[in-house]
Amino acid sequence: MVTPNILAISGSVRAASSNLNLLKAIENRLPPGMLRYSIGVDQLPPFNPDLDQAGMPVPEAVATFRRQIADADAVLICTPEYAFGVPGTLKNALDWTVSSGSLNEKPVAAVTASPLYTGGDKAMASLLPTLKALGTRMPAPSSLCIPSINKFLSAEGTFTDNQLAAQLQQLMDHLVMRASEHSIHS
Ligand SMILES: Cc1cc2nc3c(=O)[nH]c(=O)nc-3n(C[C@H](O)[C@H](O)[C@H](O)COP(=O)(O)O)c2cc1C
């Protein structure tokens, strides 16, 4: 059986990002090679429909991002919350997938992680309708807000809260299962 592949998209572009560290911790718990990383969302130009006309070539980074999504059996988004919303760079990247339909019918899971007790819940509340508009498939459990990420994830990559760790495991098991189904049927 072919191992499904999951594309990880980090909503943070910081080198020392806790969301990126969380993705790495998730990657270490998956079979080798299952999780791949998208290009940085900061590499995509500002979305402009004038650069997104049918039959015209799109900027190279956009083509790469779309191809990475198309090649993935599922997508995992892990993002911080900025100013009570989705980071502009992540929203910009998602806007580039509207006309291409790259995420249409794609199994997707979304995680917000924040040092605050709210866990980035307002970013999640904004992200989910966007992903719905893009045609993603997100049956529960497909989203999780992780509060106090700096305490939850140690420098060694261990999870300190058993209940949250179990929720994250459940979310990933579910995504891998849906990725396998997508892989088989595509
Ligand atoms: C300009 C700015 C705005 C922020 N706004 C929020 C916010 O609205 N909600 C929140 O939970 N954290 C907010 N934070 C804190 C981020 O969650 C924190 O910096 C986090 O570490 C960023 O994620 P990262 O470590 O993956 O880069 C903000 C940080 C900055 C610099």
| task | Any chance you could lay out the side chain to side chain contact (heavy atoms under 4.5 Å, CB included) test for T112 and I146, step after step, and finish with the verdict? | result | CA-CA 6 Å; T112 54; I146 300 184; over 6 Å; no
| message | Assess the residue pair V58 and R66 against the criterion (side chain to side chain contact (heavy atoms under 4.5 Å, CB included)); give the C-alpha distance rounded to whole Å, side-chain angles, the decisive distance to 0.1 Å, and a yes or no. | response | CA-CA 10 Å; V58 288; R66 288 176 174 176; 3.5 Å; yes
| said: Tell me whether Q53 at atom CD has more than 12 heavy atoms from other residues, nucleotides or ligands lying less than 6.0 Å away. | reply: yes
| field | Heavy-atom check, side chain of I77 versus side chain of V111, under 4.5 Å | value | no
| task | Scan residues 126-145 for pairs that pass side chain to side chain donor-acceptor pair (under 3.5 Å), counting only residues two or more places apart or in two chains. | result | S142-R178
| said: Working note: R36 + I6, criterion side chain to side chain contact (heavy atoms under 4.5 Å, CB included); need CA distance, chi angles, decisive distance, verdict. | reply: CA-CA 6 Å; R36 304 169 186 177; I6 297 172; over 6 Å; no
| task | Say whether Y37 and E27, considering side chains only, have a donor N or O and an acceptor N or O under 3.5 Å apart. | result | yes
| field | Worked verdict on N5 versus M34 for side chain to side chain contact (heavy atoms under 4.5 Å, CB included) | value | CA-CA 5 Å; N5 73 83; M34 184 180 275; 5.6 Å; no
| task | Could you pull out the closest heavy-atom pair between T97 and I69, with the gap in Å? | result | CG2-CD1, 3.8 Å
| task | Using the salt bridge (charged side-chain N to carboxylate O under 4.0 Å, His left out) rule, collect all pairs that involve residues 157-174, keeping only residues at least two apart or in two chains. | result | none
| task | Assign the ring pair W96 / F47 to parallel, tilted or perpendicular, where the plane angle (0 to 90°) is split at 30° and 60°. | result | perpendicular
| query | Which residue pairs pass the side chain to side chain donor-acceptor pair (under 3.5 Å) test when at least one of the two sits in residues 11-25, sequence neighbours left out? | reply | S12-S17
| Are V98 and L7 in one and the same hydrophobic cluster, where Ile, Leu, Val, Met, Phe, Trp and Tyr link if side-chain heavy atoms are under 4.5 Å apart? | yes
